[in-house]
Trainee: 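Could you have a look at this structure, given as structure tokens, before my questions?
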Amino acid sequence: MTTGDFKEDPRFAQCSKETIVMVVLLIANILWWFGFAYGLGSRPVEQYSYVLGLPAWFFYSCVLGYVVFSLASYLAVRFFFKDIPLDSAETKKGGEQK
């Protein structure tokens, strides 16, 4: 087989786009968590402020972060992801592959 016969499956471009979106969300989630957990949590315990009975650093990094990034993941899937068939184009054209 020569390299000139290779034709990239167009589904790979969509998969790459979806991967990039989710990796960006992952990095943003880690930065969010790290920023609030170590930013607000690095003070002495006596100086902590509280939200709903939880230390503010924990509330913002874990509780609010979970809500924000769950919603962000939902929106990413809703607007960036597409339904793509998992079987190959040759299967559709030529019948069953063995």
Side-chain angles (χ1 to χ4, degrees):
M1 182 172 140
T2 63
T3 57
D5 296 338
F6 179 74
K7 183 178 178 190
E8 186 172 316
D9 193 329
R11 297 176 293 180
F12 291 153
Q14 179 62 29
C15 290
S16 294
K17 178 179 159 186
E18 292 172 4
T19 301
I20 290 168
V21 168
M22 295 315 288
V23 167
V24 166
L25 275 177
L26 170 68
I27 292 169
N29 188 5
I30 291 169
L31 292 174
W32 173 288
W33 180 87
F34 189 84
F36 279 110
Y38 287 101
L40 296 177
S42 61
R43 294 181 285 174
V45 176
E46 296 81 25
Q47 295 179 0
Y48 283 178
S49 58
Y50 293 87
V51 178
L52 298 175
L54 299 169
W57 68 266
F58 181 82
F59 179 81
Y60 291 121
S61 66
C62 296
V63 178
L64 187 62
Y66 171 75
V67 172
V68 166
F69 285 98
S70 293
L71 180 63
S73 296
Y74 170 78
L75 292 173
V77 169
R78 180 96 165 98
F79 293 109
F80 292 106
F81 282 43
K82 292 183 183 173
D83 244 353
I84 56 175
L86 298 178
D87 53 347
S88 68
E90 289 118 19
T91 303
K92 289 181 183 178
K93 290 178 185 175
E96 287 293 316
Q97 270 187 344
K98 294 183 181 180

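Along the sequence shown, residues are numbered consecutively beginning with 1. Model, not experiment: these values are computed from the prediction.
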Trainee: When the side chains of residues 63-75 are checked against the rest of the protein, which donor-acceptor pairs come out under 3.5 Å, sequence neighbours left out?
Mentor:
{"unit_1": "S70", "atom_1": "OG", "unit_2": "Y66", "atom_2": "O", "d": "2.7"}
{"unit_1": "S73", "atom_1": "OG", "unit_2": "F69", "atom_2": "O", "d": "2.8"}

Trainee: Grab the two heavy atoms, one from A37 and one from S61, that are nearest each other, plus how far apart they are.
Mentor: N-CB, 3.7 Å
Trainee: Mark yes when over 12 heavy atoms from residues, nucleotides or ligands other than F34 sit less than 6.0 Å from its CZ; otherwise mark no.
Mentor: no
Trainee: Just to verify, what does A76 make a side chain to side chain contact (heavy atoms under 4.5 Å, CB included) with, not counting sequence neighbours?
Mentor: V21, M22, L25, F80
Trainee: Check which hydrophobic residues are tied to L86 through side-chain heavy-atom contacts below 4.5 Å, counting indirect links as well, and list them.
Mentor: none
Trainee: For R11 versus D87, what's the shortest heavy-atom pair and its separation?
Mentor: NH1-O, 2.9 Å
Trainee: Just grab all the side chain to side chain donor-acceptor pair (under 3.5 Å) pairs involving residues 18-37, residues at least two apart or on different chains.
Mentor: Q14-E18
Trainee: Please list, one pair per line, the donor and acceptor atoms closer than 3.5 Å that link side chains of residues 47-60 to other protein atoms, with sequence neighbours excluded.
Mentor:
{"unit_1": "Y48", "atom_1": "OH", "unit_2": "G41", "atom_2": "O", "d": "3.1"}

Trainee: In the hydrophobic clustering (ILVMFWY, side-chain contacts below 4.5 Å, transitive), which residues join I27, or is it alone?
Mentor: V23, L31
